[in-house]
2 protein chains.
Amino acid sequence: MELQLQIKMNEALFLRNPEQTELGKKILMHSIQLIYKNGFETFTFKKLAKDIGTTEAGIYRYFENKHRLLLYLVAWYWSWLEYQISFHTNNINDPLIRLKMVIKLLATTVKDDEKTSYVNESLLHQIVISEGSKAYLTKHVSEDNRHHFFKPYKDLCAVIGDLISECNPKYKYPKSLASTIIEMAHFQNFFMNNLPSLTDFGINKDEAKIISFLDDLVFSSINKI
Amino acid sequence: MELQLQIKMNEALFLRNPEQTELGKKILMHSIQLIYKNGFETFTFKKLAKDIGTTEAGIYRYFENKHRLLLYLVAWYWSWLEYQISFHTNNINDPLIRLKMVIKLLATTVKDDEKTSYVNESLLHQIVISEGSKAYLTKHVSEDNRHHFFKPYKDLCAVIGDLISECNPKYKYPKSLASTIIEMAHFQNFFMNNLPSLTDFGINKDEAKIISFLDDLVFSSINKI
DNA sequence: TTATTAATGATAGTATTACTATCATTAATA
DNA sequence: TATTAATGATAGTAATACTATCATTAATAA
């Protein structure tokens, strides 16, 4: 069985749909590799063009600028993750077990998904950890929000928030707890690998411990009477 | 009584000590204003120089580049906050009350501190909320860490972690919980003001609710048996 | 008092970044 | 066969991120 997964992206994110052409797919594939390797700050369209074997102008036909490309990649990731969550929590009735699964999916290193040929989810996951917050930590966050560029992130947060409310309808901060889980799944990973003294996982760098921490955090909060 | 507060900064952060000259103090004062106003991305030494009435080269004599200046400002902020914490928790014996005070100090909008003439803590607090993570979310985080540029942040985290352990010696994740509190005090504030659907405080934008959320999160976690 | 040093000002220059514009070529479709 | 869509090739511009040089001024030491 060979499946192909296509994620419907907000069309305002790009000038030309990168998923519909060979060059577009190359832009996605190589930008993920380059940003993963050298970070978003030093990433330029010129370097990307050289890497692909096209010209700078060629890239600009797809994305207005590198920030839009980052928004695209990050939005793609959150959409993909929401799909993963709905896939893996399907048929599980107990919301507590579903929530546990969500935490696991958020905090576990991702393997490359064969269903998406031009996106390496494993690298993209690392990019979202290191660069994801830069998507919204800008002066134009409200404008970008008006364009619905953060919809996949907000949708995911809403899904998790609803799940938390399902576990405990009386819990007062489901959305904030949801965004806390999402952010901390990534920040604790980044800290563990780069500033380990900010975590309790520095010695063996075991992501299972991040999951335990988040489980403890979440279920302590919502299991109270 | 007129006091002057001087924070001892890591000398590797600057080329020439900005606190020791008039121009240096202007650089700190005006960079805070400019970054607050336009964000770190569009902030340049050229604009800063023009704002101050000096030349670009003049700024470069103090800071190697704008990222070092950001590191300086953020490090300054965390040092200042640790001082605030030690000041406000002095004479409080109960670690639970001390921890509550810490959360309050982390999550409360800061007023300008008269004791530091050339740093507007209120604006700096907003900068740390919006730009603080960019200090370490880089490819050179390990190198910067080797230079001890994050020491004030790590020190603060250690102080809070120790306080958590004092509240409950059996709690397994004091450092991770500490970094979670610090980050979330800021992220929930940013979300509340810019992407309110990611929080439960969107309607009235009341930072007291952020404090309640963090209190609930922390004390649920550590008060278990 | 003069000599020396430290800090600043003024100016110039370079490589890179972040784009925009134009025109020719090729491939796909009508 | 004509038309359109996508790409390639090239050029150019303003801004960014620096580095270098030399003159001037202010503070301090001999």
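Every chain is numbered from 1 and lettered A, B, ... according to where its sequence line falls, protein lines coming before strand lines.
- In this structure, the CZ atom of B/Phe43 is 16 Å from the C1' atom of D/dA15, given to the nearest Å.
- Neither OP1 nor OP2 of D/dT10 sits under 4.0 Å from any side-chain N or O of A/Thr55.
- Pairing for C/dT29 is with D/dA2, a Watson-Crick or G-U wobble pair whose two hydrogen-bonding atom distances lie under 3.5 Å.
- Checking the phosphate oxygens (OP1, OP2) of D/dT7, a side-chain nitrogen or oxygen of A/Thr21 falls inside 4.0 Å.
- Of the side-chain N and O atoms in B/Lys47, one or more sit less than 4.0 angstrom from OP1 or OP2 of D/dT16.
- In this structure, the CZ atom of B/Arg16 is 6 Å from the C1' atom of C/dA7, given to the nearest Å.
- Between B/Thr54 and C/dT8 there is no side-chain polar atom (N or O) within less than 4.0 angstrom of OP1 or OP2.
- Remark: C1' of D/dA26 and CG of B/Leu23 are 14 Å apart, rounded to the nearest angstrom.
- Side chains of B/Thr116 and B/Glu121: a donor-acceptor N/O pair is present below 3.5 angstrom, by distance only.
- One can place CG of A/Leu34 at 12 Å from P of C/dT17, the figure rounded to the nearest angstrom.
- Rounded to whole Å, the distance from CD on B/Glu64 to P on D/dT19 is 8 Å.
- The partner of C/dG9, taking Watson-Crick or G-U wobble pairs whose two distances both stay under 3.5 Å, is D/dC22.
- Remark: P of C/dA18 and CG of A/Leu69 are 12 Å apart, rounded to the nearest angstrom.
- With rounding to whole Å, A/Tyr62 atom OH is found 19 Å from C/dC19 atom C1'.
- Using the six-membered ring where Trp is involved, B/Trp80 and B/Tyr77 have ring planes that are tilted, between 30° and 60° apart.
- Residue B/Tyr60 places its side chain closer to D/dC18 than to any other of D/dT16, D/dC18, C/dC19.
- In this pair, A/Tyr173 and B/Phe201 present their aromatic rings tilted. The plane angle is within the 30 to 60° band.
- Comparing A/Phe45 and A/Arg61, the nucleotide of DNA chain C nearest to each residue sits closer to the 5' end for A/Phe45.
- Comparing D/dC18, C/dA18, C/dC19 by their nearest atom to the side chain of A/Asn65 picks out C/dC19.
- A salt bridge is defined here as a Lys NZ or Arg NE, NH1 or NH2 lying under 4.0 Å from an Asp or Glu carboxylate O, and A/Glu131 with A/Lys134 meets this definition.
- One can place CD of B/Glu56 at 16 Å from P of C/dT14, the figure rounded to the nearest angstrom.
- Contact of the B/Arg146 side chain with the B/Ser142 side chain is registered, since non-hydrogen atoms from C-beta on lie closer than 4.5 Å.
- Under 4.0 angstrom from either OP1 or OP2 of D/dC18 there lies no side-chain N or O belonging to B/Lys46.
- When each of C/dA21, C/dA10, C/dA7 is scored by its nearest atom to the side-chain atoms of B/Ala57, the top-ranked nucleotide is C/dA10.
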